[in-house]
Amino acid sequence: MAAPGGEDEILFEYGPIFRQYKSGRVERSSFPPIPAGVDAATGVTSKDVVIDPANGLWARIFLPPGIHDGAKLPVVVYYHGGAYVLGSAADPMTHGYLTGLVPAANVLAVALEYRLAPEHPLPAAYDDSWEGLKWVASHATGGGGGSGEPWLADHADLSRVFLAGGSAGGTIAHVMAVRAGEHPGGLGIGIRGAMIVHPYFGGAADISEEGTTGKAEKARADAFWRYLCPGTQGLDDPLSNPFSEAAGGSAARIAAERVLVCVAEKDGLRDRGVWYYENLKASGYGGEVELLESMGEGHVFYCMKPRCERAIEMQERVLSFLRK
């Protein structure tokens, strides 16, 4: 055991998934990345593309099998989860989910990478996600750097774009929809919808059981947010609470025409997801807001058990949302 105050003393720990030591060393619970290429089970082809060599920003693009020359497909821009400290566009959960979604929905998907905390504290993840979305949008006018990315130039119908993400990625998808809605002149793309799945929101005011049986967990979440985002005003930071006074009513200005909010009954984030759904409906947002609750399931179960009954049910709802 390390001596108190030694370099191996734990500076911050978040459950079994993440630990940072006083020396600065970080340990993450992660799985080996899945290489891009052809998925044998689905026929989906993927490749990795560098967006900004200066900061290492990149994306993984997925195409369904049998796509014809010149065929244009709706685009799903996807943000992975991982509490801002884990995950990747190439991790097994992200890659596996999108290789299933892409052929079923007949869409092109772009999984955008972002830098992780604590090495890159928030709002780095949001800023990277925004740069990635702008890069995708630049292909609507023939941009993307030089001649652009050929898969996007040839096959992306940027009048039919959906923003999506799970867990922290769901929160990012919301923030990106807000930024797109507030961007002067817009992004030049048609954001048809946003899928906010098992989102990671917070707020200073207690909801549901946060002030009683969930008090300790709420305090832990507050400490973790302050760790992720040094100098933050706390859980009412607009990046955590989209309905706080500091957010200035921004939720009503999201660019998406429709929003699908997905929660899971046994997820610790379930109540905040329902809170988001209810407050978005009451915010003055003019689009359609839907809620899907998966009974008996926990956080991001659809990635870990993609063939279970509730995951299939959720997939059908997502497909219906994308096809409207």
Could you give the distance from [atom1] ([X]) to [atom2] ([Y]), rounded to the nearest 0.5 Å?
{"X": "Leu73", "Y": "Asn106", "atom1": "CG", "atom2": "CG", "result": "5.0 Å"}
{"X": "Ile189", "Y": "Lys134", "atom1": "CD1", "atom2": "NZ", "result": "12.0 Å"}
{"X": "Arg192", "Y": "Arg323", "atom1": "CZ", "atom2": "CZ", "result": "15.5 Å"}
{"X": "Leu292", "Y": "Glu316", "atom1": "CG", "atom2": "CD", "result": "11.5 Å"}
{"X": "Leu269", "Y": "Asp267", "atom1": "CG", "atom2": "CG", "result": "4.5 Å"}
{"X": "Leu239", "Y": "Thr232", "atom1": "CG", "atom2": "OG1", "result": "7.5 Å"}

Strictly distance-based, threshold 3.5 Å: is any side-chain N or O of [X] a donor or acceptor partner for the main-chain N or O of [Y]?
{"X": "Ser46", "Y": "Gly37", "answer": "yes"}
{"X": "Thr45", "Y": "Leu63", "answer": "no"}
{"X": "His198", "Y": "His299", "answer": "no"}
{"X": "Ser167", "Y": "Gly169", "answer": "no"}
{"X": "Ser129", "Y": "Ala125", "answer": "yes"}
{"X": "Trp225", "Y": "Leu235", "answer": "no"}
{"X": "Tyr126", "Y": "Ile172", "answer": "no"}
{"X": "Ser294", "Y": "Arg310", "answer": "no"}
{"X": "Ser208", "Y": "Glu210", "answer": "no"}
{"X": "Ser283", "Y": "Leu280", "answer": "yes"}

Transitively linked via ILVMFWY side-chain contacts under 4.5 Å: [X] with [Y]?
{"X": "Leu57", "Y": "Leu187", "value": "yes"}
{"X": "Val259", "Y": "Val76", "value": "no"}
{"X": "Met176", "Y": "Ile254", "value": "no"}
{"X": "Leu291", "Y": "Tyr200", "value": "no"}
{"X": "Leu86", "Y": "Ile34", "value": "no"}

Evaluate the side-chain proximity of [Y] to [X]: yes if any heavy-atom separation is below 4.5 Å, no if none is.
{"X": "Phe162", "Y": "Val75", "answer": "no"}
{"X": "Val77", "Y": "Ile191", "answer": "no"}
{"X": "Val110", "Y": "Leu152", "answer": "yes"}
{"X": "Ile17", "Y": "Arg28", "answer": "no"}
{"X": "Phe18", "Y": "Ser29", "answer": "no"}
{"X": "Tyr78", "Y": "Leu98", "answer": "yes"}
{"X": "Leu116", "Y": "Tyr84", "answer": "no"}
{"X": "Leu163", "Y": "Leu133", "answer": "yes"}

Salt bridge (charged side-chain N to carboxylate O under 4.0 Å, His left out) partners of [range], not counting sequence neighbours, each pair once:
{"range": "residues 234-261", "result": "Glu182-Arg253"}
{"range": "residues 50-59", "result": "none"}
{"range": "residues 100-117", "result": "Arg115-Asp128"}

How would you list, by chain and number, every residue that makes a salt bridge (charged side-chain N to carboxylate O under 4.0 Å, His left out) with [X], sequence neighbours excluded?
{"X": "Glu288", "result": "Lys324"}
{"X": "Glu293", "result": "Arg270"}
{"X": "Glu265", "result": "none"}

(message) Is it the case that atom NZ in Lys266 sees more than 12 heavy atoms from other parts of the structure closer than 6.0 Å?
(response)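 Atom NZ in Lys266 is not packed in, count stays at 12 or less.
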Under the rule for side-chain contact (heavy atoms from CB on, under 4.5 Å), what residues qualify as partners of [X], not counting sequence neighbours?
{"X": "Ala246", "answer": "Gln233, Pro238, Ser244"}
{"X": "Asn279", "answer": "Phe243, Trp275"}
{"X": "Ala105", "answer": "Leu101, Val107, Leu319, Leu322"}

When you check the gap from the basic side-chain N to the acidic O, do [X] and [Y] get nearer than 4.0 Å?
{"X": "Glu290", "Y": "Lys281", "result": "no"}
{"X": "Arg60", "Y": "Asp91", "result": "no"}
{"X": "Asp222", "Y": "Arg226", "result": "yes"}
{"X": "Lys215", "Y": "Glu217", "result": "no"}

(request) Hey, can you tell me if His183 and Trp130 have their rings parallel, tilted or perpendicular (30° and 60° cut-offs)? (result)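 Answer is perpendicular, since the angle exceeds 60°.
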(request) Step by step, work out the salt bridge (Lys or Arg N to Asp or Glu O under 4.0 Å) result for Asp8 and Lys22. (result) CA-CA 6 Å; Asp8 285 334; Lys22 191 173 182 179; over 6 Å; no
(message) If you apply the rule side-chain contact (heavy atoms from CB on, under 4.5 Å), what do you find for Leu112 with Ile51, and how did you get there?
(response) CA-CA 9 Å; Leu112 291 170; Ile51 297 173; 3.7 Å; yes
(message) Run the salt bridge (Lys or Arg N to Asp or Glu O under 4.0 Å) test on Lys218 and Glu209 for me, step by step, so that the C-alpha distance in whole Å, both residues' side-chain angles and the decisive distance to 0.1 Å come before the verdict.
(response) CA-CA 9 Å; Lys218 176 72 176 293; Glu209 299 176 349; over 6 Å; no
(message) A cation-pi test, strictly: NZ or CZ of Arg307 under 6.0 Å from the centre of the six-membered ring of Tyr302 and no more than 45 degrees from its axis. Yes or no?
(response)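 Cation-pi check for Arg307 and Tyr302: fails.
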(request) Scan for ring-ring contact (aromatic ring centres under 6.0 Å, His included) pairs involving residues 35-77, sequence neighbours excluded, and state none if there are none. (result)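 Checked against ring-ring contact (aromatic ring centres under 6.0 Å, His included) - neighbours excluded - the pairs reaching residues 35-77 are Phe62-His95.
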(request) Could you list who else is in Val50's hydrophobic cluster, with ILVMFWY side chains joined at under 4.5 Å, directly or through other members? (result)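 Result for Val50 is none, singleton.
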(request) Tell me yes or no: between the side chains of Ser88 and His80, is some donor less than 3.5 Å from an acceptor? (result)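 Result is no, nothing qualifies.
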(message) Hydrogens and angles aside, do Gln20 and Tyr227 bring a side-chain donor and acceptor to less than 3.5 Å of each other?
(response)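 Tyr227 and Gln20 do have a side-chain donor-acceptor pair below 3.5 Å.
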(message) Taking ring-ring contact (aromatic ring centres under 6.0 Å, His included) as the definition, give me every residue that meets it alongside His174, ordered by chain and number, with sequence neighbours left out.
(response)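 Applying ring-ring contact (aromatic ring centres under 6.0 Å, His included) to His174 gives Phe201, Tyr276.
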(request) For a side-chain hydrogen bond (donor to acceptor under 3.5 Å, both in side chains) with Tyr21, tell me which candidate from Glu9, Glu13, Glu27 qualifies. (result)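 Of Glu9, Glu13, Glu27, side-chain hydrogen bond (donor to acceptor under 3.5 Å, both in side chains) with Tyr21 is met by Glu27 alone.
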